[in-house]
Every structure is written in C-alpha cells, then in structure tokens.
There are 2 protein chains.
Amino acid sequence: MQQGITIGNVSQASGVKVPTIRYYEQIGLLPSPPRTEGNRRSYDEGDLERLTFIRHSRELGFEIDEIRTLLSLQDQPNVSCEDADAIASKHLADVKLKIASLTALQHELERMVEGCSHGRVETCKVIDILADHGKCRFHGE
Amino acid sequence: MQQGITIGNVSQASGVKVPTIRYYEQIGLLPSPPRTEGNRRSYDEGDLERLTFIRHSRELGFEIDEIRTLLSLQDQPNVSCEDADAIASKHLADVKLKIASLTALQHELERMVEGCSHGRVETCKVIDILADHGKCRFHGE
DNA sequence: CGTACATCCTCTAGTGACTAGAGGAGCAAG
DNA sequence: CTTGCTCCTCTAGTCACTAGAGGATGTACG
C-alpha cells in the first residue's frame, strides 16, 4: 500500500496553495484524487506533475482554458502539436505587446517621478500628467 | 441654460464605456451628476476631465484605490505631492519587475515555439517545457 | 402627428481566478 | 487526553468590470 501525498505536501511541492488546488479540482482542471479512510485527498506523483504544469503555465500567463487544452494535448501524445504551438504563438504575440506597452508606461512613470519637484501638487507632474492626457507620451495597449 | 453632456458623449470623449461610467459613480469614484427632467445624467467639462484622468490612470495600471487617493490630492492642491510621488514610485518599481518577468517569458515562449518541430506532441517543446519545470529558464515574479 | 430606433434608465447576475471565513472532523505528539 | 495542526465542506467576497432584462425617453423622418 503506497501512501498518497497529502494536499498540504502537494501544495508545498508544487507551489500551488491548498485552496487553489481544491478550486482546480472543482473546475475540473485537476482530477478528483482518491480519498483516505478519513476522507482526505490522496495525491500521487502524476498529480504533482500536473499541478506543476498548471502552476508553471499560469506563471507564464496562460489562461485556465488554454491550460485545459494544453493538458488534454499532453494526455494524448500522438496528435499534432500544432494546437499547442498555436496557443504559445498567440501568447507570445500578446506578451510582446504587453512588454511594449509596459515599457512605454515605465518611461512615463519615470518622467512623472523625476518631474515631481517634491513641492505642492500644483507643480507636481504626477498629477499634471495624469490630468492632462495631451501631455502624456504613453499610448499603449 | 448651458446644456450638459450626455453619458454617451462623455463616454466617447473620455474613452470610458457607458456602463463603466455608471459603475464608477456607484463606487463613488465619480460624483453623481445632476439629472435632466427625463432623469438622464448630465455631465460637464469637469466630469470629462475627471473621467479622462481616471481612464489614463487605469491605462497606466493604477488601481481604483490609488486613483481615489490621486483624485483627492488633485482636489486639494496645496498639500504636498509626496503621496502622489510615492504611489507613482511604487508603481514604477512594480512595472520594472513585470517587464523583467515578461521579457524572460518572451524568451521562453520564443524558445518553445522555435523548438516545436510541428510534429507530434511527444517531441513538442511547448508541452515539454511546461511539463518539466527544470527545463525552463523562466523564474520570474 | 406617428412611428421607428437610438439612447438612456435601474436592477440583478455573471466573469476569472482565486481568497477568506465559518464550523466541524481527523490525526500525531506529548 | 488534550493541544494544536491539518484537513473537510460550504458559502460568500474580491476586483473591475460586463451582460442582459425590461422599461422609459429623446430624436429624426415621413
């Protein structure tokens, strides 16, 4: 009888919080594990890998539905990976846009903070720039 | 009798959607405007500026509560702008972190998509990298 | 003047991806 | 045996909106 992994341990090992694991089970992203006599969830190595996969995908900014597709692809490895490729490519385009937008934002914020003379709001560029859109160089996203 | 601006026009002019404007009013971010005889909201130039300020701040990634603080600072211009400065500075730090994280992610995704041989999932790096955290160079945020 | 249609109103409920809390049961150590 | 930790289920809350129902009003045209 090989002992299963508790939810607390699988949480620690995967980096996914306990309530989040239960949430993933609830939305069908993670299969319901068997229970012990005392009704505790009992996970195995496969669950741990799946959870790590999920966490990592979330960190990379994939949405739950995308992860669902990715996981189903992983489950049947003889189909073409064009779908997975498409998801990642689409995501890559998004990420590039986001970086461009955030970089513009960074310059804008730097300009704001540098411009702030630490005096009164009347002369503070932070407020000024936010109030008057014409003075702003940020036009991202 | 100067005619007010309709919610639709103030929406167009500010770039904030109509339901969002009503939502902002509901949460007290935008003051309740006077109504016409027919119970329509009647905005003025000041409201338009405030909405533009809000939209721009949201675009820059400020949270509603931060905008609330910013707006209250704008309303009383003889206090120090250190608070506004602090908010913007904190936000700038966040943005820099996010950019670094997203850039790492970009490289990761590029590596994924380039590595995909357009064959079967078994040899697809997209799945591979997501499944095995050790193969991944992304450790952001 | 009538009628079509756009715009407006309020209200409730839904979204995504969790997070928090209540209220209780099981389990391991001292 | 008791203390305290982890676990269980369930409901409700978060943020910043968004969608939709069901109805009133305003405007343009014939």
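Letters A, B, ... mirror the listed sequences (proteins, then strands); counts begin at 1. Below, each value reflects all heavy atoms present in this structure, side chains not excepted, and no hydrogens, waters or symmetry copies.
Among the protein residues, B:Thr6 comes within range of the sugar-phosphate backbone only, with heavy atoms under 4.0 Å from sugar or phosphate atoms but none that close to a base.
Atom CG in B:Asp65 sits about 13 Å away from atom P in D:dC17, given to the nearest Å. As rounded to whole Å, 10 Å separates atom P of C:dC8 from atom CD of B:Gln12. The nearest whole Å value for the distance from the CG atom in B:Asn9 to the C1' atom in D:dG26 is 13 Å. For the pair A:Ile21 CD1 and C:dT19 C1', the interatomic distance rounds to 14 Å; values are reported in whole Å. What separates CD of A:Glu37 from P of D:dT6 is a distance of 22 Å, to the nearest Å. The distance between atom CG of B:Leu30 and atom P of D:dC17, rounded to the nearest whole Å, is 13 Å. The distance between atom CG of A:Asn39 and atom P of C:dG23, rounded to the nearest whole Å, is 21 Å. For the pair A:Arg22 CZ and C:dC18 P, the interatomic distance rounds to 15 Å; values are reported in whole Å.
Phosphate proximity of D:dT18 to B:Lys17: present, with a side-chain N or O under 4.0 Å from OP1 or OP2. Between C:dG16 and A:Tyr23, no contact under 4.0 Å exists linking OP1 or OP2 to a side-chain N or O. Taking side-chain N and O atoms only, A:Tyr24 has a distance below 4.0 Å to OP1 or OP2 of C:dC18. OP1 or OP2 of C:dT19 has at least one side-chain nitrogen or oxygen of A:Thr20 nearer than 4.0 Å.
If you check C:dC9, D:dC17, D:dT18 against the side chain of B:Arg41, the one that comes closest is C:dC9. Out of D:dT18, C:dC18, C:dC9, the shortest distance to the side chain of B:Ile7 is found at C:dC9.
Between B:Glu63 and B:Arg40, the residue anchored closer to the 5' end of DNA chain D is B:Glu63, taking for each the nucleotide with the nearest heavy atom.
Residues B:Arg58 and B:Glu63 are not paired through a salt bridge, judged by the lack of any N-O separation under 4.0 Å between the basic side chain and the carboxylate. At a threshold of 4.0 Å, the pair B:Glu45-B:Arg50 does not count as salt-bridged, since none of the basic side-chain nitrogens sits closer than that to a carboxylate oxygen.
Between B:Ile5 and B:Val10, the closest heavy-atom pair is CG2-N, 3.7 Å.
Between B:Pro31 and B:Asp47 the shortest side-chain heavy-atom distance falls below 4.5 Å.
Taking CD1 of B:Ile67 as the reference point, atom OG of B:Ser57 lies at 4.5 Å (rounded to 0.5 Å).
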